[in-house]
*Asks:* 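Starting off with a structure, shown below.
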Amino acid sequence: MKKDFYEILGISKNADAAEIKKAYRKSALKYHPDKNPGDKEAEENFKLAAEAYEVLSDPNKKAKYDQYGHQAFDGSGGFGGGHGGMNMDDIFSQFGDIFGGGFGGFGGGGGGPRRAKGSNLRIKVKLTLEEIANGVEKKVKVKRKVQAKGATYKTCTTCNGQGQVMRVTNTILGRMQSASTCPTCGGSGQILDKKPSEADAQGMVIEDETVSIKIPAGVVDGMQLKVSNKGNDAPGNSIPGDLIVAIEELEHEFLKREGENIHFDLYISFPEAVLGVSKDIEAINGKVRIKLEEGIQSGKILRLKGKGIPSINGYGSGDLLVHVNVWTPKTLNKEQKQFFENALNDDHFAPSPEKSEKSFFEKVKDMFS
Ligand SMILES: [Zn+2]
């Protein structure tokens, strides 16, 4: 009995093209002959996975297989029934499209050694709302792996500097040829020649470095910036990895950010609401004076254009939205109480919202438009 193709790749029958590809990539890496030298079972699984992928990645073949199972391909051309439908060359020729450029060593045609790239470093940078609004240059200390002073490298003799080795094996299925990453140099084509005493086996040391990061205005919490070539270095003729900077936004004492807009809750007294008042608002870049006309209603939102956060794309800025709240006193003395008791019976104090007065919901709608 031949095993089910979906089972071989460990996926469900509903798997989409991306999942199929991913599952095959995983199997191929797991059972790759270079990783399992002399292991017949791994080799068999490697071939089965390739066969399964060949069918499931082709919509026509997949449809046939879904309908008729393995019988769909018995006796038909390309795919011979039973055992050994594909040889290793076919399998490796698939790899170009599965592994893309990132997977060195397979499928030939690479053209010279690939320069190894060091690993990325990650740091978190905490920013105030002011720093976010204006953009900022931050200096951070990172511990980078770099080539030690005095470390020299020479061409790897295992692969002659090519970074990969070809293996030819004779099997009952015929001659199998495969290219794989050179085990001596790890693909860089170079090995350590002179090792300074403080360096590790690859000639590397860890160094503190202060990196200056230019953070543009308008960044968002969770955003990641990349500083090229400020990650770890790799041995030999290589390029350093990148420094990945994750942005963390510190909460502001009284301003609340929402995208490019900033909200501020302004509290005024009842007399101020009645008589009108001018107030200084602590905006992002200093005070802004606003004038509240007499008779202003609690819940009114004043929009100060362009006083918010600049767009990360450089197209203008958001607004500062000032929410007016009328503060109601919680206790009153005798005279004050008398005043309000008189007002209670005065029709002049009865609410009479005008038609033009926007409802709360309309205001919210405006705010987000
Ligand atoms: Zn090598």
Side-chain angles (χ1 to χ4, degrees), residues 24-43 45-47 49-50 87-121 143-171 173-207 228-243:
Y24 174 48
R25 196 180 198 277
K26 213 172 132 190
S27 302
L29 285 171
K30 184 174 170 192
Y31 297 120
H32 193 279
D34 287 336
K35 270 195 171 170
N36 306 274
D39 184 344
K40 286 285 160 207
E41 202 186 326
E43 194 179 295
N45 283 329
F46 185 66
K47 283 183 180 162
N87 67 30
M88 284 302 204
D89 283 334
D90 291 336
I91 296 173
F92 286 118
S93 72
Q94 274 184 348
F95 279 172
D97 101 275
I98 302 295
F99 296 103
F103 200 80
F106 286 132
R114 200 181 289 276
R115 281 177 80 187
K117 190 173 180 186
S119 57
N120 291 343
L121 283 172
K143 288 187 180 301
R144 295 184 60 215
K145 208 179 220 192
V146 293
Q147 291 178 16
K149 273 202 180 70
T152 57
Y153 296 84
K154 61 183 177 187
T155 303
C156 170
T157 49
T158 309
C159 62
N160 288 320
Q162 290 306 298
Q164 53 179 243
V165 286
M166 299 299 286
R167 277 167 28 119
V168 178
T169 335
N170 288 309
T171 73
L173 299 166
R175 191 171 147 274
M176 296 196 316
Q177 192 181 40
S178 61
S180 61
T181 302
C182 172
T184 309
C185 63
S188 67
Q190 293 175 322
I191 51 168
L192 186 62
D193 188 16
K194 279 206 186 84
K195 177 178 137 21
S197 57
E198 75 278 11
D200 67 10
Q202 292 174 310
M204 310 297 286
V205 287
I206 293 187
E207 256 177 20
S228 293
N229 303 335
K230 286 297 178 187
N232 287 321
D233 218 339
N237 177 24
S238 59
I239 34 176
D242 303 321
L243 176 63

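Counting convention: from 1, in listed order, for ligands and their atoms alike. These figures come from a predicted structure and were not determined experimentally.
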*Asks:* Partners of Pro196 by side-chain contact (heavy atoms from CB on, under 4.5 Å), sequence neighbours excluded?
*Replies:* Ala148, Ala151, Glu198, Ala199

*Asks:* Do Val205 and Val146 come close enough that some side-chain heavy atom pair is under 4.5 Å?
*Replies:*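 The answer is yes; the side chains approach within 4.5 Å.
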
*Asks:* Name all residues meeting the side-chain contact (heavy atoms from CB on, under 4.5 Å) criterion together with Asn45; count only those two or more places apart in sequence or in a different chain, and write none if there are none.
*Replies:*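 Scan of Asn45 (side-chain contact (heavy atoms from CB on, under 4.5 Å), adjacent residues dropped) gives Tyr31, Glu41, Leu48.
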
*Asks:* Is the shortest side-chain heavy-atom distance between Ser188 and Asn237 below 4.5 Å?
*Replies:*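 Side chain of Ser188 against side chain of Asn237, heavy atoms only: no contact under 4.5 Å found.
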
*Asks:* Give me the atom names and distance for the closest heavy-atom approach of Leu192 to Gln202.
*Replies:*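 Here Leu192 and Gln202 meet closest at CD2-C, 3.9 Å.
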
*Asks:* Tell me, which protein N/O/S atoms are under 2.8 Å away from the Zn ion (ligand 1)?
*Replies:* Cys156 SG, Cys159 SG, Cys182 SG, Cys185 SG

*Asks:* Give me each pair satisfying side-chain hydrogen bond (donor to acceptor under 3.5 Å, both in side chains) with a member in residues 144-158, each pair once, sequence neighbours excluded.
*Replies:*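 For residues 144-158: Arg144-Glu209, Thr158-Thr184.
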
